[in-house]
Amino acid sequence: MEEFEEIYFENILNESFGMVTEELNVDDIKETAENTVQKVFPILPVRNMIMFPQVITPITAGRKNSIRLLEEAQRNGEFIGIISQKNSNIEQPFEKDLYTVGTYAKIVKIIKLPEGNVTAIMKGFGRFRVKKMIQHEPYFKAEIAKLKDTLPKSEEFEALMENIKDLAGKIINIDPNIPNAANFAIKNISQPEDLLNFICSNANFDIASKQALLEERHLQKRAEKCYQLMHDDFRKLELRNLIHQKTSKDLDKQQREYFLNQQLKTIQDELGNGTESDADELRKKAEKLTWSAEVQEHFDKELSRLQRQHPNSPDYNVQRNYLDFFTDLPWGIYSKDVFDIVKAEKILNKAHFGLEDIKKRILEHMAVLKLKNNMKSPILCLAGPPGVGKTSLGKSVADALGRKYVRVSLGGLHDESEIRGHRKTYIGAMAGRILQSIKKSGTSNPVIVLDEIDKIGQGIHGDPSSALLEVLDPEQNHSFYDNYLEYGFDLSRVMFIATANSLSSIQSPLLDRMEVIQIAGYTLEEKIEIAKRHLIKKQLEENGLNTKSYKLGNPEIRHIIEAHTSESGVRSLEKRIASISRWVALQTAMEKEYDPKITIDKIDEILGIPRPKSISEITGVPGVVTGLAWTSVGGDILFIESILSNGKGNLTMTGNLGNVMKESATIALEYIKAKYGELGISEEDIEKKNIHVHVPEGATPKDGPSAGIAMLTSMVSSYKNKKVKPHLAMTGEITLRGKVLPVGGIKEKLLAASRAGIQEIILSEANKKDVEEIKKDYLKGLKINYVTRMKEVIDLAIEK
């Protein structure tokens with residue numbers, strides 16, 4: 001590709017030089033440049049280059065604004081100011097990102113490239129300084145002041161230019177990257193300022209140094225700086241060539257030692273003194289594997305490459321490690337699936353309480369696999385809040401199927417090679433995590449849990465989410481290509497189970513390849529059963545206690561859940577039980593007497609002050625409403641409050657709200673202004689009272705449409721100075737016309753309401769179908785009101 005670009009641009013330059021001589025009179029252009037009255041130049045920012053006067057240079061433009069500038073300048077016959085960016089990484093520079101001194105030039109020819117970019121052949125004419133930038137869009141335009149060079153007429157300057165010319169010739173002779181034709185160009189430039197500009201433009205100086213040379217007005221000082229930089233460059237080239245010659249000698253010596261060692265090995269084999277080689281060991285390992293003829297051919301080719309290498313060379317160890325990994329993979333080795341559906345159901349029920357939908361889906365898969373026996377494994381994605389058993393469910397699935405279990409943590413992963421592996425030629429190269437997990441399991445059909453798939457990052461080393469597309473596509477993963485293995489490996493019989501807290505951060509193509517199963521959380525009764533069956537036993541064992549050490553009854557467990565936790569899962573509950581277990585362990589170790597029957601008072605003494613059970617104290621004033629929200633850790637309640645103050649009817653919003661919530665508050669206020677008569681609100685209050693809407697916990701960003709009807713109710717409550725009914729919560733989106741729209745996450749929100757002691761819910765009529773899909777046990781103690789208009793919300797929520 002680099003050779004193609006070099007030939008391509010060389011042809012462009014040759015063509016442009018011919019065009020200058022055939023179509024344009026350079027002297028006429030120069031005269032035009034000197035006499036032009038153009039004081040405002042379009043400015044073209046360039047990266048990684050500095051243009052000098054009297055030099056023909058190709059400039060490739062890819063930005064739309066730059067391409068437009070070039071086309072308009074060519075059409076109008078304008079001069080263009082070429083200025084370099086201070087930082088080449090900035091894609092859309094501002095005025096502060098540009099140097100102030102550049103070269104004004106004219107377009108010789110424009111060539112359109114295949115990929116949509118444009119290359120302009122430019123001829124520089126003189127230097128200028130930006131006086132004032134007068135336009136920024138669609139491209140820069142600036143008022144400029146031309147800069148004239150001070151040409152010294154002294155023998156010292158002439159001698160300095162001769163030295164620069166000689167040193168340039170030496171650099172050209174020892175630098176293989178500079179074509180010899182440059183010598184011809186240097187010898188045929190007669191004017192000292194043109195020669196100096198040509199050398200500065202083509203020298204291997206950094207951008208900052210070239211810019212400093214361009215800004216230097218006095219030619220003798222510019223020549224002295226250029227000569228010093230050329231000396232530094234010449235010394236580096238000499239040192240590089242010296243190192244290259246030394247390295248070549250070392251390689252010749254190594255090759256000689258290799259041939260001698262090969263001869264020595266042959267002599268030892270003839271005498272019967274040779275030992276079993278690495279190649280023989282690898283060949284014996286391969287004989288025990290069952291693989292196809294194509295895999296055998298690839299292995300033989302790589303083994304032959306190992307035998308040709310010197311045992312003491314670094315490449316030998318790289319190749320040996322590669323072949324070790326290749327033969328350690330379980331080619332064609334599959335564990336036998338257990339198709340006892342009844343036994344599998346018992347295993348799942350024993351390990352997990354609840355989660356009926358997930359268990360049903362797994363048993364359905366086993367049933368189909370039993371009947372067909374060649375079904376591709378599904379890609380399941382368990383989505384739900386933390387602590388509901390998503391990861392541990394993967395282990396239970398593996399036990400139920402009789403397969404090996406491997407967990408791959410993807411949280412924070414930001415390097416694509418972690419999935420696809422590194423090229424084996426790199427030092428420290430290794431295969432990706434998928435194949436390493438296959439090797440670890442010892443079978444080609446394990447259950448692999450891809451944990452926290454929603455927390456994959458994206459860094460400078462590629463996009464791991466995109467790399468997973470091939471892994472999780474049943475139509476592609478029968479021949480998954482790992483960069484380290486350099487051969488396709490069959491993943492079609494692997495059962496992948498991904499876990500995620502939120503689906504919003506997962507790429508749509510990746511999400512499309514998975515079958516999503518939502519896990520909303522546990523009810524109070526389910527948490528009590530999980531604590532009794534699993535959590536207490538686990539903590540007794542982990543803290544060195546037995547079943548007689550302490551006992552927790554249903555009321556005590558209920559108190560822990562209601563007063564000391566507020567989550568969808570059981571992770572916090574397990575932590576609280578662990579705290580109690582450690583307290584008992586401390587009493588036992590210190591031989592202190594205690595009552596094994598842990599009471600509610602003792603629980604509060606161990607765990608601290610319980611949180612309030614009732615929200616009536618918070619909501620017992622006008623303007624405060626309880627809303628329902630969905631978060632990545634499950635459902636939650638939030639309070640929305642408003643208050644009136646003297647003013648001019650302005651609206652203020654605080655609480656770190658997002659755009660959607662701000663829009664909901666604005667819509668609610670506009671609806672109130674339009675319907676104040678129907679709502680029983682005085683026009684004077686609306687016109688002469690400011691209203692302030694606040695959502696507490698401002699450190700946490702909040703956004704979404706779910707708070708629409710809650711904001712409306714809060715405002716009406718403040719205007720009417722009437723309280724909202726206690727133990728009431730609501731969720732729904734609103735429109736300017738007074739309609740209540742449905743929202744998502746209903747199951748999670750209802751569970752959160754139940755945990756918070758809410759007794760009555762207001763939902764959109766369109767959410768009724770979502771409620772009907774929820775088990776009746778989850779809705780125990782909740783009265784649900786369905787509405788279609790905002791007026792219905794006000795009538796239901798505000799006390800008469």
Side-chain angles (χ1 to χ4, degrees), residues 344-345 347-366 368-369 376-401 403-413 433-434 437 446-456 465 468-469 471-474 477 491 494-523 526-527 530 534 567-571 574 630-635 744-748 751 773-775 778:
E345 186 176 16
I347 292 173
L348 292 173
N349 288 333
K350 182 179 179 181
H352 300 272
F353 185 83
L355 305 178
E356 302 301 331
D357 292 340
I358 295 89
K359 294 175 185 176
K360 178 183 176 184
R361 176 66 187 86
I362 293 166
L363 294 175
E364 287 174 352
H365 164 66
M366 292 181 64
V368 174
L369 198 62
K376 292 180 179 179
S377 291
I379 314 295
L380 302 180
C381 180
L382 307 180
V388 295
K390 300 185 297 296
T391 305
S392 58
L393 190 65
K395 181 72 169 64
S396 301
V397 172
D399 293 340
L401 286 171
R403 294 190 181 189
K404 297 289 185 179
Y405 165 78
V406 184
R407 174 180 168 270
V408 179
S409 178
L410 300 179
L413 195 73
R433 293 195 182 188
I434 302 300
S437 301
V447 173
I448 297 181
V449 173
L450 302 175
D451 217 5
E452 310 290 358
I453 198 170
D454 58 325
K455 296 177 179 61
I456 294 179
S465 294
L468 278 173
L469 294 177
V471 177
L472 300 183
D473 191 343
N477 63 11
L491 301 179
V494 176
M495 185 172 185
F496 290 101
I497 300 178
T499 70
N501 296 134
S502 172
L503 300 178
S504 60
S505 58
I506 303 177
Q507 288 186 13
S508 298
L510 184 59
L511 192 62
D512 185 58
R513 284 162 166 77
M514 299 185 291
E515 181 179 340
V516 178
I517 300 176
Q518 292 282 356
I519 305 177
Y522 297 111
T523 61
E526 287 175 335
K527 288 182 180 180
I530 292 170
H534 304 287
E567 57 164 358
S568 299
V570 293
R571 194 166 288 160
E574 184 177 2
W630 181 92
T631 68
S632 61
V633 294
I746 296 300
K747 184 176 181 181
E748 291 85 350
L751 287 174
E773 294 175 358
I774 303 173
K775 286 185 178 181
Y778 287 33

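Values below: all heavy atoms of this structure, side chains included; hydrogens, waters and symmetry mates excluded. These numbers were taken from a predicted model, which means no experiment stands behind them.
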**Complete:** dist Leu510:CG -> Leu469:CG (nearest 0.5 Å) comes out at 5.5 Å
**Message:** If you apply the rule side chain to side chain contact (heavy atoms under 4.5 Å, CB included), what do you find for Thr499 with Val449, and how did you get there?
**Reply:** CA-CA 7 Å; Thr499 70; Val449 173; 4.1 Å; yes
**Prompt:** Could you give the distance from CE (Met514) to CD1 (Ile497), rounded to the nearest 0.5 Å?
**Reply:** 12.5 Å
**Prompt:** Does the side chain of Arg433 come within less than 4.5 Å of Leu413's, by heavy atoms?
**Reply:** yes
**Request:** With the side chain counted from C-beta on, respond yes when Ile434 and Leu450 share a heavy-atom pair under 4.5 Å apart, and no when they do not.
**Result:** yes
**Request:** Mind checking side-chain contact (heavy atoms from CB on, under 4.5 Å) for Asp454 and listing every partner two or more places apart, or none if nothing turns up?
**Result:** Glu452, Ala500, Asn501, Ser502, Ser505, Ile506
**Asked** Just by modelled atom types, is the Ser508 backbone N or O under 3.5 Å from a matching donor or acceptor in the Asp512 side chain?
**Response** no
**Val447 vs Val406 side-chain heavy atoms within contact, under 4.5 Å** = no
**Message:** What's the separation between atom CZ in Arg361 and atom CD in Glu515, rounded to the nearest 0.5 Å?
**Reply:** 4.0 Å
**Steps toward side chain to side chain contact (heavy atoms under 4.5 Å, CB included) verdict (Ile448, Met495)** = CA-CA 6 Å; Ile448 297 181; Met495 185 172 185; over 6 Å; no
**Asked** How many angstroms lie between NZ in Lys359 and CD1 in Ile347, if you round to the nearest 0.5 Å?
**Response** 12.0 Å
**Nearest-0.5 Å distance that lies between atom CG in Leu382 and atom CD1 in Ile453** = 11.0 Å
**Message:** Within the structure provided, determine whether Arg403 and Pro446 are in side-chain contact (heavy-atom separation under 4.5 Å).
**Reply:** no
**Request:** Please step through side chain to side chain contact (heavy atoms under 4.5 Å, CB included) for the pair Asp399 and Leu348, ending with a clear verdict.
**Result:** CA-CA 9 Å; Asp399 293 340; Leu348 292 173; over 6 Å; no
**Prompt:** Is there a donor in the side chain of Asp451 and an acceptor in the side chain of Ser409, or the other way round, less than 3.5 Å apart?
**Reply:** no
**Request:** Please examine the side chains of Val494 and Ile379, heavy atoms only from C-beta on, and report whether any two atoms are closer than 4.5 Å.
**Result:** no
**Prompt:** Taking it one step at a time, do Thr391 and Arg407 satisfy side chain to side chain contact (heavy atoms under 4.5 Å, CB included)?
**Reply:** CA-CA 8 Å; Thr391 305; Arg407 174 180 168 270; 3.8 Å; yes
